Amino acid sequence: MFGGNNPFYKIAKSQSFHAIAAEFDPSISLLKLLELSIETQSLKLSSQSHARAQRLGLTQHSIIAQKLIFSYCQLRRPFDGQLVFDSLLFKNTHICNTLLSGYGKNQFFQESLDLFRKMRDGSAFGVVDDFTFSVMFKIVGDLGEVLVGKMVHGRSVKNGLVLDTVAGNSLMSMYSRCGCFDDSMKVFDEMPLRNVSSWNALISGYAKVKSWDGSFCRLGLWDIVREMQHEDLKFDAFTVSTLLSLCSGGAGSGDFRDKCGHGRELHCYIIRNGLDLSSGPDGDVHLGCCLIDMYSKNGKVDVGRRVFDRMKWKNVCAWTAMINGYAQCGKFEDALFLFREMQWRDGDGPNKVSLVAILPACSSISGLMGGKQIHGFAVRRELNHDLSLCNALIDTYSKCGSLSYATQVFEHECTRKDAISWSSIICGYGLHGQGQQAVILFDKMLQNGIKPDTTVVVGVLSACSKSGLINDGLIIYDSVVTNYKIKPTVEMCACMVDMFGRSGQLDKALDFIKSMPVEPGPSSWGALLSASALHGNSEMQELAYKSLIMMEPDNSSNYISLSNLYASSKRWDVVAEVRQVMRKRGLRKLPGCSWISMNGASHSFVVADKSHPCSNLIYVMLDELVSAMKLTYYNPDFVYLMEV
DNA sequence: GTAGGGTTAG
């Protein structure tokens with residue numbers, strides 16, 4: 001009569017069912033039913049309990065009403081909870097806090113703020129307490145509105161509430177999520193009683209500080225960890241996962257030099273202390289995901305795979321973390337294999353995060369077709385309006401050669417656009433040599449009130465450079481530095497050098513390098529090098545090579561192109577010398593690889609490759625192409641390199 | 001018998 005998934009079956013099995021029946025107190029059985037509705041995520045059971053409460057005349061029972069509101073909010077129906085709330089003649093703090101938190105959990109922030117105001121102003125609503133403030137700080141942290149946060153903080157002080165630990169932790173987190181780490185530290189310093197969560201909030205705040213220069217904090221990360229241990233507090237799963245994310249080279253990981261070493265130590269800590277990587281069928285797999293991520297980002301994706309294989313329970317997050325690990329390491333075949341395996345093993349199948357993770361792998365191996373398949377999958381699952389997925393699709397389509405598909409996604413599916421969406425489409429136009437269009441889009445982005453970041457600036461500058469739009473590039477560079485206070489990065493400067501260089505203004509390019517506001521990196525000298533090679537200025541070319549090899553003595557590409565430079569002027573003695581230096585340093589150049597997709601199959605080629613079954617035909621066609629190019633564009637060096 | 005915080009695969 002009872003199926004295994006039927007909630008009544010569970011309650012019938014439990015002893016408490018008989019105990020409740022024996023007591024004949026309908027409110028207790030109702031509460032148990034409501035708890036069950038939350039546990040089994042059953043909206044039907046909640047509504048049935050609601051109806052039962054009405055039949056029994058228990059709708060004004062404060063504990064039952066509170067539990068009803070809570071269950072509706074947990075089941076993503078906060079307005080059903082509000083109906084219960086509105087019908088209450090007497091509303092205590094407890095009940096108000098429940099609805100307040102329910103609005104927050106469901107992202108109805110305005111409703112939260114309105115309710116908070118009503119509570120603050122007294123009258124028919126319960127008075128504010130520590131619970132109210134802990135909820136409000138969390139909501140303001142989600143909103144990222146520090147001014148609202150300061151007002152709520154002020155109110156908590158005015159109310160004379162001595163900060164309890166949970167509210168303090170929530171306040172700390174609110175400040176650091178709003179980018180005010182100093183204020184978060186101040187709260188931490190002034191807290192009368194701290195627990196592990198307080199330290200966790202401190203560490204995660206530390207991890208969020210983007211441009212870490214060591215001066216903002218009186219303590220280094222390891223000092224924090226050590227002080228925590230001095231207070232006899234043991235790391236819990238939260239501490240370990242936050243620290244693991246700092247072992248992956250992300251923001252704030254400045255003083256984690258031996259990142260993987262620390263990561264392994266944390267892995268040992270997890271094992272020694274019996275922390276769960278995956279605690280049950282519906283349990284937390286977060287620690288496992290963090291470990292996979294940490295190992296993959298440190299180039300040890302195989303160790304990540306071992307962690308993955310040993311996880312007792314895997315949900316879509318675990319599968320996605322592993323797929324992402326493979327994709328980031330360039331192991332695209334493995335990523336795709338796992339993606340397929342996930343679909344027949346994991347009941348839920350991939351979600352939007354999985355699709356974003358697999359897209360780079362997909363487009364690398366199977367080109368446009370792979371991207372289209374994922375896009376089709378997303379449409380069928382109604383995920384195609386998700387912002388991150390749209391951004392990834394725009395990037396994939398433009399990199400796979402279809403600017404028109406990229407534009408379609410940008411214009412019709414990407415309904416809410418952020419800086420990344422604009423950046424992806426602008427880079428796409430740049431990549432396809434349509435600089436003018438990239439500049440128009442950049443202006444449109446600014447008109448839409450999106451603040452440019454360094455990525456989009458690099459995108460538009462490189463588009464200008466490739467299309468010879470020097471004036472536009474210069475105006476954009478000056479404007480973002482002056483009007484948007486963007487500090488020029490090495491990449492931005494390299495774009496400027498490239499822009500001057502390509503147009504033949506080599507002296508201007510060199511002057512820019514000499515006067516640029518950051519230390520010129522290999523990218524700037526590399527840009528000057530290509531430009532001087534293009535315009536046949538061997539003096540400038542040698543200068544750029546010297547700087548490049550001085551800066552990157554172990555980069556084999558520099559030696560190869562230097563060797564090619566001398567080979568083009570037939571100075572074989574110098575060629576031999578360069579090759580000898582490479583041998584002495586043990587440098588080898590990994591051959592580049594090209595690939596093309598045709599009729600659903602991918603064909604890849606390296607230099608002098610004869611392994612393809614149609615190799616003879618391909619080389620005949622290649623010879624014809626070289627001859628045709630010689631006729632239309634005669635540059636001896638260029639043709640020489642083509643024939644090598 | 002009831003409400004709160006710290007991590008979260010991109």
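Owing to the predicted nature of the structure, the values given are computational and were not obtained by experimental measurement. When reading the values below, keep in mind they use all heavy atoms of this one structure, side chains included, and skip hydrogens, waters and symmetry mates. Throughout, protein chains are lettered first and strands after them, A, B, ... in sequence-line order, and every chain is numbered starting at 1.
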Legend entry - Side-chain H-bond candidate by donor/acceptor type, A:Ser354 with A:Asn351, under 3.5 Å: yes
In short, salt bridge (Lys or Arg N to Asp or Glu O under 4.0 Å) pairs touching residues 372-390 of chain A with sequence neighbours left out are A:Lys352-A:Asp386
Contact check, residues 374-399 of chain A vs DNA chain B, heavy-atom distance under 4.0 Å, returns A:Asp386, A:Ser388
For residues 231-243 of chain A, the salt bridge (Lys or Arg N to Asp or Glu O under 4.0 Å) pairs (sequence neighbours left out) are A:Arg194-A:Glu231
Checklist entry - Counting any heavy atom closer than 4.0 Å, what does A:Ser170 reach on the DNA or RNA strands: base, sugar-phosphate only, or nothing? => result sugar-phosphate
Residues 72-81 of chain A vs side chain to side chain donor-acceptor pair (under 3.5 Å), sequence neighbours excluded, gives A:His50-A:Tyr72, A:Gln74-A:Lys105, A:Arg77-A:Asp80
Contacts of A:Thr242 meeting side-chain contact (heavy atoms from CB on, under 4.5 Å) (sequence neighbours excluded), chain-then-number -> A:Ile203, A:Ser204
Heavy atoms only, 4.0 Å cut-off, all strands: where does A:Ala237 land among base, sugar-phosphate and nothing? nothing
So the contacted stretch of DNA chain B, first to last nucleotide with an atom under 4.0 Å from a non-hydrogen atom of chain A, runs from B:dG1 to B:dG10
The ring-ring contact (aromatic ring centres under 6.0 Å, His included) partners of A:Tyr326 (sequence neighbours excluded) come to none
| task | Pick base, sugar-phosphate or nothing for A:Ser27, based on heavy-atom distances below 4.0 Å to the nucleic acid. | result | base
ring-ring contact (aromatic ring centres under 6.0 Å, His included) filter on A:Phe410, not counting sequence neighbours, yields A:Trp422
Per the under-4.0 Å heavy-atom filter, residues of residues 126-142 of chain A near DNA chain B come out as A:Asp129, A:Asp130, A:Phe131, A:Ser134, A:Val135, A:Lys138
Quick note, salt bridge (Lys or Arg N to Asp or Glu O under 4.0 Å) partners involving residues 113-127 of chain A, not counting sequence neighbours, are A:Asp114-A:Arg117
Residues at least two apart in sequence or cross-chain that pass side-chain contact (heavy atoms from CB on, under 4.5 Å) with A:Val456, listed by chain then number, are A:Ser423, A:Ile426, A:Phe442, A:Met445, A:Pro452, A:Asp453
By side-chain contact (heavy atoms from CB on, under 4.5 Å), A:Ser112 pairs with (sequence neighbours left out) A:Leu100, A:Tyr103, A:Ile139
